[in-house]
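Contents: one structure, followed by commentary.
Excluded from the calculations below are hydrogen atoms, water molecules and symmetry mates; all remaining heavy atoms, backbone and side chain alike, are included.
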Amino acid sequence: MTEQPPTAGARTAEYRIEDLAHLSGATVRTIRAYQDRGLLPRPERRGRANVYGDTHLARLRQIADLLDRGYTLASIKELLEAWDAGRDLGGVLGLVAEIDGPWTDEEASLISRTELDAAFGGSPDETALAEAVELGVLERIPGRDDEFLVPSPQELAVAAELHSAGVPLTAISGHLREVRGQVEHIAARFLDFTTEHVFQQFLDHPPTEAEAAEAATLVRRLRPLAQQTIDAELARAMRTLATRYLRHHLSEALPAEARRPTGTAAGPGAGAADGTGAAAGAGAGAGSVPTPRAASGLPPAPLPAPGTVADPRTAAASMAGPTTGPETVLLPAEAVQAVRDLVGTENTAAFIAAAAHREVQARTMDALAAGGTGTSSEIGIGAARGTASAGGAGSP
């Protein structure tokens with residue numbers, strides 16, 4: 001932010017206020033308002049006319065630049081007064097530029113209306129388009145009605161993928177509004193946190209050139225931390241909640257199927273179990289998953305035939321001896337498919353076995369905490385029976 005003084009011998013330009021407005025891009029009314037607020041020096045009086053020079057033109061351009069960076073007129077006045085007093089504002093403006101810089105490596109792109117319609121089913125939807133523009137997912141380009149700027153191509157791609165999976169556009173925009181509000185709250189908390197512990201030292205007084213440069217370096221260092229933290233925590237939460245959701249839906253879907261004895265028909269068209277323990281010709285409403293023996297490296301937890309869910313503190317008394325070898329457990333087809341979609345076909349059996357084993361452990365701990373009178377081994381066996389009857393993934 002520097003002004004170049006006229007060179008020796010050079011004739012200083014002189015402007016009427018209309019000429020100054022034309023060259024600076026400001027209106028005559030704006031120029032006079034800046035003068036009244038002390039942002040612009042008064043012109044030189046020549047008879048009955050006011051004369052402006054290059055200094056006025058440079059100051060108007062500086063004000064416009066600072067307004068574009070988000071400064072208010074009050075803060076611009078303070079900066080200009082400090083500059084007029086001889087302080088170098090290079091460090092301060094460098095800090096502002098660092099904060100105003102991009103907070104993502106993603107680059108905006110252009111998309112035509114034809115491409116946009118094709119990405120969302122091929123049929124134009126003016127209501128959805130207007131909402132996307134309102135949310136800033138798309139930005140109109142002046143004079144080009146058939147093309148849009150996409151600030152975040154990743155965000156638009158997510159919306160297109162959700163729509164192709166069957167999510168209505170109105171639901172997607174509503175979800176975005178909700179998520180945006182929550183993310184803005186997280187961003188505000190991160191800014192409060194870093195301000196309190198990092199930047200407060202620069203805010204209780206006008207920063208010197210060195211302090212402003214140091215603050216700009218800190219902003220550059222801390223810039224990626226917010227996104228990295230959110231990425232890690234979102235991955236953790238999705239992993240935890242996805243498992244809970246799966247267990248919840250399995251526990252709701254399994255009891256009716258789990259009460260059927262192993263090897264009996266699950267409905268019309270169901271076949272008997274073959275000699276290997278795998279169900280042959282299971283009905284449309286159920287899938288068959290043989291429980292592996294230590295398929296995932298977990299300690300063996302033999303699962304008895306399905307029955308009613310037992311209280312882990314009393315189930316041991318009614319339990320018969322443990323079974324040996326693989327055993328067929330009938331599961332609803334939609335439950336098995338949900339597991340396959342989550343972990344893949346090759347890991348389906350191991351996942352269900354692991355879920356069952358974890359439930360056994362959870363029920364054992366619950367029984368111990370509740371002061372069960374049985375031995376720990378009896379409690380564990382009773383929990384195993386209760387877990388198996390819920391399909392190996394139910395909640396107590």
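Salt bridge absent: E139 and R144 never bring a charged side-chain N and a carboxylate O closer than 4.0 Å.
Checked by atom type, the side-chain pair R32/Q35 shows no donor-acceptor distance below 3.5 Å.
The shortest distance between side-chain heavy atoms of F351 and L342 falls below 4.5 Å. Counting heavy atoms from C-beta on, the side chains of R236 and R239 come closer than 4.5 Å.
Under the 4.5 Å side-chain contact rule for hydrophobic residues, L23 and I17 share a cluster.
At least one donor-acceptor pair under 3.5 Å links the side chain of H56 to the backbone N or O of G53. A donor-acceptor pair under 3.5 Å is formed between the side chain of S164 and the backbone N or O of E161. Not one N or O on the side chain of D65 forms a donor-acceptor pair closer than 3.5 Å with the backbone of R61.
With rounding to the nearest 0.5 Å, the separation of OG1 in T229 from CD in E233 is 8.0 Å. If you take CG on L40 and OG1 on T30, they are separated by 11.0 Å, rounding to the nearest 0.5 Å. Taking NE2 of H248 as the reference point, atom CZ of R244 lies at 13.0 Å (rounded to 0.5 Å).
Residue pairs meeting the salt bridge (Lys or Arg N to Asp or Glu O under 4.0 Å) criterion with at least one partner in residues 163-172, sequence neighbours excluded, do not occur; the list is empty.
A search for side chain to side chain contact (heavy atoms under 4.5 Å, CB included) contacts involving E196 returns nothing, not counting sequence neighbours. In terms of the salt bridge (charged side-chain N to carboxylate O under 4.0 Å, His left out) criterion, residue partners of E134 (sequence neighbours excluded) are, by chain and number, R177.
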Worksheet item: Yes or no on side chain to side chain contact (heavy atoms under 4.5 Å, CB included) for Y15 and D54, after CA distance, side-chain angles and deciding distance?
Response: CA-CA 8 Å; Y15 311 105; D54 287 332; 2.7 Å; yes

Worksheet entry | Check against salt bridge (charged side-chain N to carboxylate O under 4.0 Å, His left out), R46 and E44 | CA-CA 6 Å; R46 299 266 184 90; E44 182 180 346; 3.0 Å; yes

Worksheet item: Stepwise, does the salt bridge (charged side-chain N to carboxylate O under 4.0 Å, His left out) test hold for E147 with R140?
Response: CA-CA 7 Å; E147 196 169 29; R140 297 188 184 276; over 6 Å; no

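The minimum heavy-atom distance linking E106 with E155 is given by the pair OE2-N, 4.4 Å. Of all heavy-atom pairs between R221 and P224, the closest is O-CD, 3.4 Å.
Side-chain contacts under 4.5 Å among hydrophobic residues (ILVMFWY), followed directly or transitively, place L110 together with I141, L149. The hydrophobic cluster analysis finds F193 isolated: no Ile, Leu, Val, Met, Phe, Trp or Tyr side chain comes under 4.5 Å of it, directly or through other members. Other cluster members for L169: I111, L116, F120, L129, V133, L135, V137, L138, F148, V150, L156, V158, L162, V167, I172, L176, joined by side-chain heavy-atom distances under 4.5 Å among Ile, Leu, Val, Met, Phe, Trp and Tyr.
Atom CG of D36 has more than 12 heavy atoms from other residues, nucleotides or ligands within 6.0 Å.
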